[in-house]
Amino acid sequence: MGADIASGVRGRPHSAKPAPDHVPAGNQMNLFDIFHARIASILKGVQAAGRLPDLDLARFVVEPPKDAALGDLACNAAMVFAKEAKAHFSSPRELAVEICYALAQSEGVATAEVAGPGFINIRLEPEMFSQVLRAALLDPENYGRVARSRDGALQGKVNVEFVSANPTGPMHVGHGRGAVFGDALANLLAFSGCEVTREYYINDAGAQVDVLARSAHLRYREALGETIAIPEGLYPGDYLKPVGETLAKTHGEALLDRPESEWLPIVKNAAIDAMMDLIRDDLAALNIRHEVFFSERTLHDRSKGPSLIDNAIDWLREKGLVYEGRLPPPKGQLPDDWEDREQTLFRSTDFGDDVDRALKKSDGSPTYFAADIAYHKDKIDRGFDTLVDVWGADHGGYVKRMGAAVAALSDKRVSLDVKLCQLVKLMRNGEPVKMSKRAGDFVTLREVVDEVGVDAVRFMMLYRKNDAPLDFDLAKVIEQSKDNAVFYVQYAHARAKSVLRQALTAFPDLDLTGNALAKARLDLLTDEGELQLSRMIAQYPRAIEAAAAAHEPHRVAFYLHELSSVFHSHWNRGKDQPQLRFVNATERDLTSARVALVLSLTAVLGSGLRLLGVSAPDEMR
RNA sequence: GCGCCCGUAGCUCAGCUGGAUAGAGCGCUGCCCUCCGAAGGCAGAGGUCAGGGGUUCGAAUCCCUUCGGGCGCGCCA
């Protein structure tokens with residue numbers, strides 16, 4: 001380690017400090033971005049001197065070091081560019097030293113030193129963290145917002161399609177996961193600079209809604225006094241009873257002794273409308289609202305000439321991507337009704353799919369895939385740059401063909417990211433909740449939300465990576481203990497708010513607004529716990545950008561948990577060491593500084609929780 | 001048979017798109033507290049990142065392969 005320290009370079013002394021009133025906007029205050037830009041500019045200088053070739057400067061990263069004892073920021077640039085630098089630098093360390101020398105002249109840098117194989121560890125002047133806190137205090141709404149992602153990915157119009165449950169009944173818990181995931185992702189992308197549309201694709205065209213209509217018709221007859229038996233294959237749930245009653249009220253006996261072909265469209269429309277109302281209510285209970293509900297039926301409509309599906313297929317045909325041909329039979333067990341016939345196929349293999357896919361059924365009607373092609377073409381035509389589809393994991397086999405379709409439809413301009421959500425296992429105290437399949441007797445999303453509340457449902461569904469199965473324990477998620485992540489994070493916020501209240505008790509004239517507290521003597525924050533909190537707060541913009549870029553809102557939930565943990569730990573130190581408590585009635589300046597730290601903490605916790613759609617309570621009840 | 005997802009502490013899971021000594025909670029062990037700054041605190045043990053090969057300064061992460069689990073596999077949506 002001695003060698004590492006030997007190559008360290010000290011920064012300029014305090015004369016170089018920036019003016020304390022210099023505060024960048026909340027969405028600009030990302031230390032990691034700032035230093036990425038500085039190091040990129042240093043490297044450009046070396047290039048200008050002819051000692052480095054052209055480099056892809058997006059390749060290196062500035063990140064928190066593994067161990068906070070190493071410094072505040074770490075950079076791998078010298079190692080990443082080792083190969084390109086060989087002509088003028090014998091080792092990565094040599095290039096790293098050069099970068100360190102330049103960095104040491106840079107504003108706000110205390111030390112910059114080389115470690116290990118060529119890491120650059122940067123220690124910042126405390127003033128840099130004060131700037132971060134001031135940004136969060138003065139512009140809490142925008143702190144953490146992504147100003148402009150380096151690769152330009154987080155901008156433009158994004159369509160997030162999620163839920164898209166069949167309109168055949170109330171939502172169940174599995175739907176709820178996709179719903180919460182999609183909504184939080186949309187929040188995150190909007191916060192990160194994208195123009196976001198939340199969209200729901202209503203599968204109201206297939207055989208399933210015909211089944212729904214027949215089921216509703218039975219309930220209609222029941223409402224008119226008949227005793228009914230619900231045959232296998234129809235939907236037995238009670239939720240169709242009101243539909244039947246309404247039909248009886250509005251149509252009397254008019255739909256009774258008519259052929260199915262006559263009553264079915266009427267009953268179907270009524271039933272779908274009723275089911276969508278049901279689903280919208282379920283979504284509203286989770287505070288989810290889609291901007292667009294897109295009906296699959298509109299794609300099939302030929303009343304005004306060729307349907308949107310016809311048009312989409314024609315469009316692909318003109319590109320030479322549709323042909324009549326035969327498909328090899330599937331490997332393994334052959335389906336019973338397999339027949340080798342010529343059919344209309346889309347060349348999805350040109351875009352990475354395993355086989356070409358059928359667009360028409362044997363009766364000439366379009367496949368589900370054909371409709372989905374038309375739907376995605378519509379989204380592309382509406383000008384979206386990025387499409388995100390949130391599906392259940394059982395649709396995994398469908399991902400490649402849809403990606404192929406979007407690539408074909410947009411000449412590879414638009415990207416499609418399909419996020420698969422795994423199953424949710426409902427538990428109570430570690431025991432699985434029995435979900436009996438008979439008589440449509442399943443646990444609905446609504447029942448769960450009513451029992452444990454929106455916050456618990458939303459947070460727990462986001463406190464797991466989307467493609468990992470989730471055990472949802474109805475008892476644990478409302479437990480008031482450290483083991484319950486929802487409580488832990490919300491409690492951190494409530495506890496922070498309580499500090500503000502206590503500060504006011506000690507200093508009744510203390511101005512607790514961000515504007516006032518930004519003027520506090522933040523240089524008095526010198527305890528390791530306080531610095532640790534500051535560092536975590538400084539990492540918020542980076543966490544947001546990473547979560548948004550990866551389309552992974554769970555990272556926000558984990559970040560908030562870690563931030564809370566740092567806060568709780570520091571709070572607990574105040575028990576044994578009263579001088580570390582946030583409020584100290586005899587030290588006004590110190591208290592102001594600490595309260596400023598706490599207020600910026602509430603800003604970040606509030607911001608993150610808002611993205612997840614979870615409330616940030618002022619106190620726990 | 002093919003494709004996709006997954007395999008990380010006894011359990012449940014993170015691991016910031018290739019970085020430094022792989023983390024957290026539960027459980028376990030040992031101390032401390034019983035304080036309204038409450039809904040406990042601190043510390044410790046615990047790992048062949050499923051196995052094997054490869055790519056390079058560097059791999060839990062990327063490629064190949066084996067094993068094990070989940071999902072899907074023309075005209076269901």
Side-chain angles (χ1 to χ4, degrees), chain A residues 32 59 61 63-67 70 74-76 78-80 82-83 91-93 115-119 121 164 166 168 203 205-209 296 326-335 337-341 343-345 353-369 371-372 392-400 420 422-423 430 463-465 467-471 473 476 479-485 487-488 491 495 498-499 502 539 542-543 545-547 549-550 552 554-555 557-559 561-562 565 568-569 571-576 578 581-583 620:
Chain A
F32 302 91
R59 272 166 55 204
V61 297
E63 60 192 351
K66 202 73 190 169
D67 183 351
L70 296 170
C75 180
N76 63 359
M79 293 178 294
V80 168
K83 202 170 284 178
S91 73
R93 290 185 59 101
F119 278 103
N121 289 327
S164 299
N166 291 332
T168 54
N203 296 136
Q208 290 185 24
V209 283
E296 183 190 351
R326 291 170 192 280
L327 237 38
K331 304 279 189 194
Q333 194 167 6
L334 222 53
D337 56 349
W338 167 263
E339 50 166 327
D340 187 22
R341 69 174 185 88
Q343 52 189 335
T344 306
L345 297 169
D353 200 359
D354 306 315
V355 286
D356 292 338
R357 304 292 177 175
L359 296 172
K360 287 183 179 172
K361 303 181 195 172
S362 52
D363 66 357
S365 66
T367 58
Y368 182 81
F369 180 48
D372 228 349
D394 53 338
H395 290 64
Y398 201 73
V399 174
K400 275 191 184 177
L420 299 178
Q422 267 291 353
L423 300 179
Y463 196 57
R464 181 115 318 168
K465 213 163 32 179
D467 57 6
L470 165 66
D471 287 350
D473 196 305
K476 282 192 177 154
E479 205 171 272
Q480 301 219 334
S481 80
K482 182 177 162 57
D483 319 342
N484 176 9
F487 173 79
Y488 193 67
Y491 182 35
R495 188 173 252 181
S498 141
V499 170
Q502 288 178 46
Q539 283 176 35
R542 190 171 184 275
E545 183 171 351
E552 291 184 351
H554 78 274
R555 293 190 193 191
F558 278 93
Y559 166 83
H561 191 265
E562 198 179 336
S565 160
H568 286 309
S569 302
W571 170 281
N572 286 321
R573 261 174 238 129
K575 287 185 187 175
D576 298 334
R581 295 183 179 188
F582 292 101
V583 177
M620 304 305 284

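Note: hydrogens, waters and symmetry copies are ignored here, and every other heavy atom, side chains too, is used. The shown structure was predicted, so the numbers you read here are calculated from the model rather than taken from an experiment. First the proteins, then the strands, lettered A, B, ... as listed; each starts at 1.
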Give one of base, sugar-phosphate or nothing for A:Ala393, where a contact means two heavy atoms less than 4.0 Å apart.
-> sugar-phosphate
How long is the gap from CZ on A:Phe582 to OG on A:Ser498, to the nearest 0.5 Å?
-> 10.5 Å
Pairwise C1' distance for B:C36 and B:G18, with rounding to whole Å = 50 Å
Taking atom P in both B:U8 and B:G70, what distance in whole Å separates the two?
-> 15 Å
Taking the six-membered ring for Trp, does A:Phe119 stack with B:A20 (centroid gap under 5.5 Å, planes within less than 30°)?
-> yes
Ignoring the backbone of A:Glu296, work out which of B:A77, B:A38, B:A20 is nearest its side chain.
-> B:A77
Do the numbers put A:Arg542 on top of the ring of A:Phe32, so that NZ or CZ is under 6.0 Å from the six-membered ring centre and no more than 45° off the axis?
-> yes
Whole-Å distance separating the CG atom of A:Leu470 from the P atom of B:A14 = 10 Å
For B:C2 and B:A24, measure between their P atoms and round to the nearest Å.
-> 41 Å
With a 4.5 Å limit on heavy-atom distance, are the side chains of A:Val499 and A:Trp571 in contact?
-> yes
Nearest to the side chain of A:Gln208 - B:C76, B:G40, B:G19?
-> B:C76
Interatomic distance, A:Tyr368 OH vs B:C75 P [rounded to whole Å] | 13 Å
Does the side chain of A:Pro366 come within less than 4.5 Å of A:Lys361's, by heavy atoms?
-> no
RNA chain B: 5'-proximal contact among A:Trp571 and A:Lys476 (nearest heavy atom) | A:Lys476
Candidates B:U12, B:A77, B:A38 - which lies nearest the side chain of A:Asp471 = B:U12
Shortest side-chain distance from A:Asn572, nucleotide among B:C57, B:C6, B:G41 = B:G41
Interatomic distance at C1', B:A14 relative to B:G7, whole Å = 15 Å
Rounded distance in Å - CE (A:Met79) to C1' (B:G19) | 6 Å
